[in-house]
Peer 1: 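After the structure tokens below, expect a handful of questions from me.
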Amino acid sequence: MLLKIVLLLALVAQVLALDNGLLRTPPMGWLAWERFRCNIDCDQDPKNCISERLFMEMADRLAKDGWRDLGYNYLNIDDCWIGGRDAKGRLVPDSKRFPHGIAFLADYAHSLGLKLGIYADMGNLTCMGYPGTTLDKVEQDAQTFAEWKVDMLKLDGCFSSRGDRAKGYPMMAAALNATGRPIAYSCSWPAYEGGLPPRVDYSLLADICNLWRNYDDIQDSWKDVLSILDWFVLHQDILQPVAGPGHWNDPDMLIIGNFGLSFEQARAQMALWTVLAAPLFMSTDLRTISAQNVEILQNPLMIKINQDPLGIQGRRIVKEKSQIEVFMRPLSDEASALVFFSRRTDMPFRYRSSLGQLQFPGSRVYEAQDVFSGQVITGLRDKTNFTVIINPSGVVMWYLYPIKNLEIAEWKSQE
């Protein structure tokens, strides 16, 4: 029966397609969950509880500390905002923690040049036990979010059946379309189906969702970063082709600025998420984040690579016995991003290679700019050996581009 439902949904995908023209590059912003969880104790912890105050203060930081101007423009609420449903069945926020309502918060975000995201769950309850969006509430909740002028919806999948998810996620896409408001749609559907075909139909997902969670929630640890990365690499032949402008794989939040990553590991997560064309949703306290972590997250060349208009997801191209791995992402203007990643934990490693070994064409001459240091290496050819020194659990990242004028000059000299 479930297979029939999925086949039927595929046949009517054009009708259900989200078709909102949004997120042509991976979304960027701030999301509450990993850092602030479901802290609802505003009496004992007023600065950090899930509340209007928290989101307004984060909005202020996004606008005033340079984040918005670099592209971090989504301010996203996660679970634990809901107070219940009113007499008409409409979702309402917790009146104590969100006394002015969600529409007020959306207006505040918009006044600062930001966009507001909200959370719901395709099930009887949200993951933390608040009222969910059952099938009979999909249209009403979509309309409510539109009336509040929400800009993104994350739809989770706790306390739902496979059948309800197969019906409900496409239904919500159609309902969001019907509101007439452009609302980006983040689907957790594949994460509840194991993340892989045949239980996950990525062609359908690309039609109805702007981004989707495939795998486990990230926790504040290097172990979790590696677990997610390993899963994405193991299944990169499936995942890499389905990502692109308007529809992205989401390996979950950036945990840079919290407690679980070293400096090298923080740079590694940023580089690896960027080469995977991942959404960049920070989940940290922007009021207290260190200058060192700001520098990682606000790296302009890193953001340029993440936001490349081609929207091609990168992949691992080399795995060495020395525990060095190389990732490559094709970029516009014949450029590429290269990430040299060390899984070693002992000492810095001198990794020697050449562009030819990395399958770059022999007819080109390249320059490489180190994304972190800014240093430029010029005159790289396919047989030019180079050495990068990679710290334990760290990365070296290059923005690699052909020297076109040099190639023209050399071609003319051969005439």
Side-chain angles (χ1 to χ4, degrees), residues 25-26 70-71 225 229 232-233 236 240 243 251 254 256 263-278 280 295-320 322-344 348-407:
T25 59
L70 288 165
V225 171
L229 178 67
F232 268 75
V233 169
Q236 65 182 8
Q240 190 264 348
L254 296 168
I256 299 161
F263 170 69
E264 294 294 341
Q265 292 164 352
R267 297 211 311 181
Q269 191 197 12
M270 188 69 179
L272 291 163
W273 262 230
T274 291
V275 85
L276 291 175
L280 299 182
E295 186 176 5
I296 294 170
L297 290 162
Q298 291 194 355
N299 183 308
L301 183 52
M302 185 78 71
I303 292 170
K304 175 184 175 180
I305 293 168
N306 178 266
Q307 296 291 291
D308 186 80
L310 281 185
I312 298 174
Q313 180 173 314
R315 56 191 292 129
R316 189 176 70 187
I317 59 172
V318 174
K319 181 183 181 182
E320 304 280 12
S322 59
Q323 295 183 279
I324 302 300
E325 300 174 13
V326 184
F327 291 75
M328 192 275 285
R329 178 180 173 187
L331 304 172
S332 54
D333 298 322
E334 301 179 275
S336 302
L338 286 171
V339 174
F340 305 93
F341 172 47
S342 175
R343 291 180 183 259
R344 301 177 70 94
F349 188 83
R350 299 178 67 88
Y351 178 65
R352 190 168 185 264
S353 188
S354 69
L355 293 184
Q357 288 176 276
L358 301 179
Q359 306 303 311
F360 282 83
S363 60
R364 313 302 293 271
V365 184
Y366 292 88
E367 283 187 347
Q369 182 175 356
D370 187 298
V371 174
F372 291 107
S373 72
Q375 179 183 0
V376 175
I377 304 166
T378 192
L380 290 166
R381 301 172 184 267
D382 64 324
K383 295 181 181 179
T384 305
N385 290 321
F386 61 80
T387 300
V388 292
I389 302 172
I390 318 167
N391 290 334
S393 301
V395 293
V396 171
M397 186 173 185
W398 283 2
Y399 175 63
L400 187 75
Y401 48 93
I403 309 174
K404 296 180 181 180
N405 291 339
L406 178 61
E407 291 173 358

Peer 1: Is it the case that the side chain of N299 and the backbone of V371 share a donor-acceptor pair, with hydrogens and angles ignored and the cut-off at 3.5 Å?
Peer 2: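 Yes, the answer is positive, given that a donor and an acceptor are paired below the 3.5 Å cut-off.
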
Peer 1: Please work out which of the three classes, parallel, tilted or perpendicular, describes the rings of Y351 and F340, given edges at 30° and 60°.
Peer 2: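 Ring orientation, 0 to 90° scale: tilted.
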
Peer 1: For the pair F360 and Y366, name the ring-plane relationship: parallel under 30°, tilted 30 to 60°, perpendicular over 60°.
Peer 2: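 Aromatic pair F360/Y366 classed perpendicular.
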
Peer 1: Below 4.5 Å, heavy atoms only, C-beta onward: do M302 and M397 meet side chain to side chain?
Peer 2: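 Contact flag for M302/M397 side chains = yes.
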
Peer 1: So, taking the atom named CZ in R267 and the one named CD1 in I256, what distance separates them when rounded to the nearest 0.5 Å?
Peer 2: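 These two atoms lie 11.0 Å from each other.
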
Peer 1: Decide side-chain contact (heavy atoms from CB on, under 4.5 Å) for Q265 and V225; before the verdict, give the C-alpha distance in whole Å, the side-chain angles of both, and the deciding distance to 0.1 Å.
Peer 2: CA-CA 9 Å; Q265 292 164 352; V225 171; over 6 Å; no

Peer 1: Locate the shortest heavy-atom distance separating T274 from N306; write the atom from each residue and the value.
Peer 2: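 Looking at all heavy atoms of both residues, the shortest contact is CG2-N, 3.5 Å.
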
Peer 1: Side chain of E367, backbone of V376: donor and acceptor closer than 3.5 Å?
Peer 2: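 A pair under 3.5 Å: no.
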
Peer 1: Are any side-chain N or O atoms of R329 and backbone N or O atoms of I305, one a donor and one an acceptor, separated by less than 3.5 Å?
Peer 2: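 Yes, R329 side chain to I305 backbone: donor-acceptor pair under 3.5 Å.
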
Peer 1: Nearest 0.5 Å, please: how far is CG in L254 from CE in M270?
Peer 2: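 Nearest 0.5 Å value for the CE-CG distance: 6.0 Å.
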
Peer 1: If you round to the nearest 0.5 Å, how far is NZ of K304 from OG of S332?
Peer 2: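 Rounded to the nearest 0.5 Å, the OG-NZ separation comes out at 7.5 Å.
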
Peer 1: Write down the atom of P402, the atom of E334, and the distance for their closest heavy-atom approach.
Peer 2: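 Smallest interatomic distance, heavy atoms only, reads CD-O, 3.3 Å.
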
Peer 1: To the nearest 0.5 Å, what is the distance between CG on L331 and OG on S336?
Peer 2: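 Answer for the CG-OG pair, L331 versus S336, is 6.0 Å.
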
Peer 1: Would you compute the distance between atom CZ of R315 and atom CZ of F327 and round it to the nearest 0.5 angstrom?
Peer 2: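 R315 atom CZ to F327 atom CZ measures 10.5 Å (nearest 0.5 Å).
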
Peer 1: If I compare all heavy atoms of G394 with all of E264, which pair ends up nearest, and what's the gap?
Peer 2: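 Closest heavy-atom pair between G394 and E264: CA-OE1, 3.9 Å.
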
Peer 1: Of I403, V365, L355, which is the lone residue that meets side chain to side chain contact (heavy atoms under 4.5 Å, CB included) with L380?
Peer 2: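 Per the side chain to side chain contact (heavy atoms under 4.5 Å, CB included) rule, the option paired with L380 is L355, out of I403, V365, L355.
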
Peer 1: Taking the side chain from R344 and the backbone from S322, do they hold a donor-acceptor pair closer than 3.5 Å?
Peer 2: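 Judged by distance alone, yes, a pair lies under 3.5 Å.
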
Peer 1: Measure the shortest side-chain to side-chain distance between Y401 and D333 over non-hydrogen atoms and say whether it is less than 4.5 angstrom.
Peer 2: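 Counting from C-beta outward, Y401 and D333 never come under 4.5 Å.
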
Peer 1: Between P330 and I312, which heavy-atom pair has the shortest distance, and what is it?
Peer 2: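 Scanning both residues completely, I find the closest heavy atoms to be CD-CG2, 3.8 Å.
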
Peer 1: Between S354 and T384, what is the shortest heavy-atom contact and its length?
Peer 2: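 In terms of heavy atoms, the two residues are closest at CB-O, 3.4 Å.
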
Peer 1: What is the minimum heavy-atom distance between P348 and I389, and which atoms define it?
Peer 2: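 P348 and I389 have their closest heavy atoms at CB-CG2, 4.0 Å.
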
Peer 1: Where the side chain of D308 meets the backbone of L310, is there a donor-acceptor pair that is under 3.5 Å apart?
Peer 2: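 Yes, because the side chain of D308 sits within donor-acceptor range (under 3.5 Å) of the backbone of L310.
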
Peer 1: How far does CD1 of I317 sit from CG of L338, to the nearest 0.5 angstrom?
Peer 2: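 If we round to the nearest 0.5 Å, I317:CD1 and L338:CG are 6.0 Å apart.
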
Peer 1: With a 3.5 Å distance limit and no angle check, can you tell me whether D382 reaches the backbone of S363 through a side-chain donor-acceptor pair?
Peer 2: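 Not confirmed, D382 side chain does not pair with S363 backbone.
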
Peer 1: Measure from the side-chain N and O atoms of Q313 to the backbone N and O of A277, and report whether any donor-acceptor pair falls under 3.5 Å.
Peer 2: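 Checked: no pair found.
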
Peer 1: Answer whether the closest heavy-atom distance between the side chains of L276 and L229 falls below 4.5 Å.
Peer 2: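 Touching, per the 4.5 Å side-chain cut-off.
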
Peer 1: Contact between I377 and F386 at the side-chain level, heavy atoms closer than 4.5 Å - yes or no?
Peer 2: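 Of all side-chain heavy-atom pairs linking F386 with I377, none is under 4.5 Å.
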
Peer 1: Given R343, which partner from the list E325, E320, Q323 fulfils the side chain to side chain donor-acceptor pair (under 3.5 Å) test?
Peer 2: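 So the option named by the test is E325.
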
